[in-house]
Amino acid sequence: MANNKRLTTSSGAPVGDNQNSLSIGPRGPLLLEDFHLIEKNAQFNRERIPERVVHAKGAGAYGYLRITADVTKYTKASLFSEIGKKTEAFLRFSTVGGEKGSIDAARDPRGFALKLYTEDGNYDIVGNNTPVFFLRDGIKFPDFIKTQKRNPRTNLKDPTAMWDFWSLSPESLHQVTILFSDRGTPKSYRHMNGYSSHTFSWINAQGERFWVKYHFKTKQGIQNFTREEAVKVGGENPDHATQDLHEAIAGDDFPRWRVCVQIMPMADAENYHLNPFDLTKIWPHGDYPLIEFAELVLDRNPENYFQDVEQSAFEPSNIVPGVGFSPDKMLQARLFSYPDAHRYRLGANYSTLPINSPHATEPQNYHRDGAMRFDGNGGSSVNYEPNSFGGPAEDPQYKEEAYNFEINDRAARYNHRDGNDEYTQAGDLFRLLTPDHQERLIDNLADAMQTVPRDIQVRQVNHFTKADRRYGEGVARALGIDQSEID
Ligand code: NDP
């Protein structure tokens, strides 16, 4: 057995001197044959992998999901099958628009990406801390994100691009209202809710399908920073939320969420007053109350950030029997984008990394080879199917019916804005805020829009006005826009 404290090269050869490179004479030059020097620096040069295009800055922790109520009449998913059942979980929180070293206190949605290691494979619920999103069609996602990133000429964040895009995309108004409310700057990752945002489906043992939305309600209570507090904290400690999560768990103060679901019977979806698959809309609680059925607890910090958090790969396409997708156009685009991003960022075998591979079952398939294959690569077993040599085979009991209703319509590029109400729910949110919260919202918006050209400001104020007259008037007043300029 090797001395495990002995420094070695990657090939295991003992290193005799890790302080001095090999040189001719004490003043150099160096010898190319100093392979230890070369290996060290070459390895160092390759330490970074591409950061995520979105959600680059994040923190994560392990924990579990524990079932607290019976939902088996709605879903046959094994992880939800019994009260008390526990499933290992990994949750990665993040901001969206900033780079990997950007501040945790930014005004930005927060990612809330959950991986559940079930015995039927990994189930990923890749949500945010907001119940809605800026867009309802994934074809606009690259355009939108470019407005949140840096200006191609100045390399600066660009409020004009943001408000130009938002004011030309009225479906964003609901999420913009959440973003500039106090909830746009959560005090920590522990003090915010998570939402699946998308509609998914649950399928029960009889094959009946229900539309569902997940809500993760923080047991720590919602706590937010004001704009001024966020600026101060972000300046003092760019990693405050990362630190908060780590220290809470290290101190055995485990963060917890009540896990709830809204359930819509399939028949309701046809005639409901809004499209239940529109990611810019919530389902009012009055119509579909929250049903609490589980608790999510984070109780273990990762041992190594890069291995577990940086290399974690979440994908909404990771589902298990008993759950399914919905026709939500954003979700459908994400089903492609996430695994595609991982193949680019982490490589073809990203799913075999320990954080991403199933923990409660053994993947058995015919995927072979590719860069950095280190898991045995299927050994000497047969690598095609069907075969006569006992390789893994399909099991018809798991054959999914993509949608067990008929979709019979013309293929076309349907205008998602036709007849769509972009304003009522944003107005509902404005009206439920307390007067002082409304004032902070208006002040945050005016502050963010102050450098934006007047025509774009006016266009956006018209949207606020359509959501609620007082909302529009407030922002107009704060920006010094005369009411005569508003439609
Ligand atoms: P409800 O009165 O039943 O629910 C209001 C919801 O608003 C609560 O979930 C509350 O969260 C949340 N909320 C409070 N302040 C804010 C804020 N600053 N930013 C975001 N959410 C906030 O009403 P409805 O279900 O009829 O919804 C009315 C409006 O509430 C919606 O248009 C939407 O903007 C917002 N909302 C609705 C949600 C839903 O799924 N129905 C979810 C989140 C927001 P909490 O309970 O944690 O305080």
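Ligands are counted one by one from 1 in listed order, and the atoms in each one are counted from 1 as well. Atom set for the values below is all heavy atoms of this structure, side chains included, hydrogens, waters and symmetry mates excluded.
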By number and element, which atoms of ligand 1 are closer than 4.0 Å to a non-hydrogen atom of Leu432?
5 (C), 7 (O), 14 (C), 15 (N), 28 (C), 29 (C), 30 (O)

Students often mix this up, so state it plainly: with edges at 30° and 60°, are the rings of Phe277 and Trp211 parallel, tilted or perpendicular?
perpendicular

Could you identify the single nearest non-hydrogen protein atom to atom 18 (N) of ligand 1 and state the distance to 0.1 Å?
Ser181 OG, 3.2 Å

Take the angle between the ring planes of Phe180 and Trp166 and call it parallel below 30°, perpendicular above 60°, tilted in between.
perpendicular

What's the shortest distance from atom 35 (C) of ligand 1 to any protein heavy atom, and which residue and atom give it?
Leu429 CD1, 4.1 Å

Below a 4.0 angstrom heavy-atom separation, can you tell me which part of Asp182, side chain or backbone, both or neither, approaches ligand 1?
neither

One pair to check against salt bridge (Lys or Arg N to Asp or Glu O under 4.0 Å): Arg343 and Asp340. What are the steps and the verdict?
CA-CA 5 Å; Arg343 287 185 186 103; Asp340 184 58; 5.4 Å; no

Does the plane of the ring in Phe210 sit parallel, tilted or perpendicular to the ring in Tyr74? Use 30° and 60° as the thresholds.
perpendicular

Which part of Pro284 is near ligand 1, with near meaning a heavy atom under 4.0 Å away: side chain, backbone, both or neither?
both

Atom 32 (O) of ligand 1: the protein heavy-atom neighbour that sits closest, reported with distance to 0.1 Å:
Gln425 O, 3.0 Å

I'd like to check which ligand 1 atoms, numbered from 1 as shown, lie under 4.0 Å from a non-hydrogen atom of Asp428.
32 (O)

Which residue holds the protein heavy atom closest to atom 23 (O) of ligand 1, what is that atom called, and what is the gap in Å?
His285 ND1, 4.2 Å

Which word best sums up how the rings of Trp202 and Phe80 line up, parallel for under 30°, tilted for 30 to 60°, or perpendicular for over 60°?
tilted

May I ask you to identify the nearest protein heavy atom to atom 11 (O) of ligand 1, giving residue, atom name and distance to one decimal place in Å?
Arg183 NH2, 3.2 Å

Would Lys115 pass as a cation-pi partner of Phe90, given that its NZ or CZ must be under 6.0 Å from the six-membered ring centre and within 45 degrees of the axis?
no

May I ask you to decide if the ring planes of Phe112 and Phe93 are parallel, tilted or perpendicular, using 30° and 60° as cut-offs?
perpendicular

Please write down residue, atom name and distance for the protein heavy atom closest to atom 41 (N) of ligand 1.
Trp283 O, 3.1 Å

Tell me whether the NZ or CZ atom of Lys217 lies within the 45° cone about the ring axis of Trp257 and under 6.0 Å from its centre.
no

For Asp328, is there an ion pair with Arg334 - N to carboxylate O distance below 4.0 angstrom?
no

Using heavy-atom distances, let me know which of Pro131, Ala426, Pro289 sits nearest atom 43 (C) of ligand 1.
Pro131

Using a strict cut-off of 4.0 Å, indicate which atoms of ligand 1 neighbour a heavy atom of Asn193.
47 (O)

Hey, what's the ring geometry for Phe200 with Tyr214, parallel, tilted or perpendicular (30° and 60° as the breaks)?
tilted

In ligand 1, which numbered atoms sit nearer than 4.0 Å to a non-hydrogen atom of Leu433?
18 (N)

Of all protein heavy atoms, the one nearest atom 46 (O) of ligand 1 is Lys217 NZ, 3.0 Å

Nearest non-hydrogen protein atom, atom 34 (O) of ligand 1
His174 NE2, 2.5 Å

